[in-house]
Visitor: 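Sharing a structure with you now.
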Amino acid sequence: MIRDTSDEQLVAALRDLDEPEIPAGLEQRILREVDALQTARDQTAAAPARVRMTQPRRTAAAVAGFAGLGTVFGAYCYRALSQIESGAIEFAMPLALRFLAASVDMVLLGPVALVLVAGIGCYLFGLAGEQAVPE
Amino acid sequence: MTPDDVGEIPALVERTLAGDRNAFGRIVRQYERRLYGLACLMTRDHAGAEDIVQEAFVRAYRKLDRFDRTREFYPWLATIATRLCQNWLAARARIARREGAELPAEIAAAGANEPAAALASSELGEKLRAAIAALPYGERLAVWLVYRQEMRVADAARVLGVTDGTVKTWLFRARRKLRPQFARADAFEENGE
């Protein structure tokens, strides 16, 4: 790479150049930043409940989902039984058909609302979990 | 490997990863001046170089677990700083374009007012530093990394994101440009004028 004597002298002179002095306080600024970063890491590590939100979030979503579905199913059963009692549906019909008839007959707004509430509940639980997970 | 990187730095990296805050402080002290010199040369701006050095160390700390401990530390750190400098320069150029203004003189023009130039300890050093500052970007950085900071050509190429051949070409061109100025300055100093 270095071809002749003048090049060697040049390179030697370049090697001897001073590096600029670092500004006062720069090292302290760097170490403060690093310290703050490490403190934040330590705090995150010391807060497992907040960090490990994935499992509780899933559990909460499952509970909310089952509660919602259970409520909807309960409403169907209640409605079907009351219609059977009132004689609107033939008792001789197979059970599945009776539930189907009750479903068609009943106002769907109630179950739909319940499903929506359950869905929103799951979403909010999920959202809270996402926010708690650090980058 | 440079003497700095034999033994001590990998051990300091290990200790930092294990949570020893003082170990990273020693890494900072070991490299801050070299890194600041590089950032000054790239940005030609004291405040910009200072911010870049700080951010480079913080990023290095964040990503320390990804550092390949079989390699030298300084080229890795210099690569981070170089990318930050490039972003900084691009941002400055964008601002200048958007506002229809020229880049500030200290950034647009190379010369004796360049921050690093003021730090030369001798007449020869001052002239040489001014001559380096006047070199085009790639040549300037190649000279500084390979000759002043004694980085291997392959490492310098990685830092600058070019091939080894390009670095060698830059070095060749830089030497060709610097040689006459060095000869004049050397003669000037020898004559004691």
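Computed from a predicted structure; not experimentally measured. Chain A is the first sequence line, chain B the second, and so forth, proteins listed ahead of strands; every chain is numbered from 1.
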Visitor: Compare every heavy atom of B:R179 with every heavy atom of A:L10, then report the nearest pair and how far apart it is.
Guide: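 Heavy atoms only, the tightest pair is CD2-N, 4.2 Å.
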Visitor: With a 4.5 angstrom heavy-atom cut-off, could you sort out which part of B:V28 is near chain A: side chain, backbone, both or neither?
Guide: side chain
Visitor: Under 4.5 Å from any heavy atom of chain B, what part of A:L31 do you find: side chain, backbone, both or neither?
Guide: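 Looking at A:L31, just its side chain touches chain B.
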Visitor: Could you grab the distance from atom CZ of B:R62 to atom CD of A:E33, nearest 0.5 Å is fine?
Guide: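 So the CZ of B:R62 and the CD of A:E33 are separated by 8.5 Å.
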Visitor: B:R21 versus chain A, heavy atoms under 4.5 Å apart: side chain, backbone, both or neither?
Guide: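 For B:R21, the contact with chain A is made by the side chain alone.
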Visitor: Looking at CD of A:E21 and SG of B:C40, how far apart are the two atoms once the value is rounded to the nearest 0.5 Å?
Guide: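 It is 11.5 Å, given to the nearest 0.5 Å.
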Visitor: Out of B:R29, B:R176, B:Q54, which one racks up the most heavy-atom pairs below 4.5 Å with chain A?
Guide: B:Q54
Visitor: What are the two closest non-hydrogen atoms of A:I22 and B:R33, and how far apart are they?
Guide: CG2-CA, 3.6 Å
Visitor: So how far is it from B:Y36 OH to A:E19 CD, rounded to the nearest 0.5 Å?
Guide: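 The OH atom of B:Y36 sits 11.5 Å away from the CD atom of A:E19.
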Visitor: What's the spacing between A:I30 CD1 and B:L35 CG if we round to 0.5 Å?
Guide: 8.0 Å
Visitor: For A:L14 and B:W144, what are the C-alpha separation, side-chain angles and deciding distance, and is it a side-chain contact (heavy atoms from CB on, under 4.5 Å)?
Guide: CA-CA 8 Å; A:L14 288 167; B:W144 197 257; over 6 Å; no
Visitor: Go through the steps for A:V34 and B:F57 under the test side-chain contact (heavy atoms from CB on, under 4.5 Å), then give the verdict.
Guide: CA-CA 8 Å; A:V34 167; B:F57 275 113; 5.5 Å; no
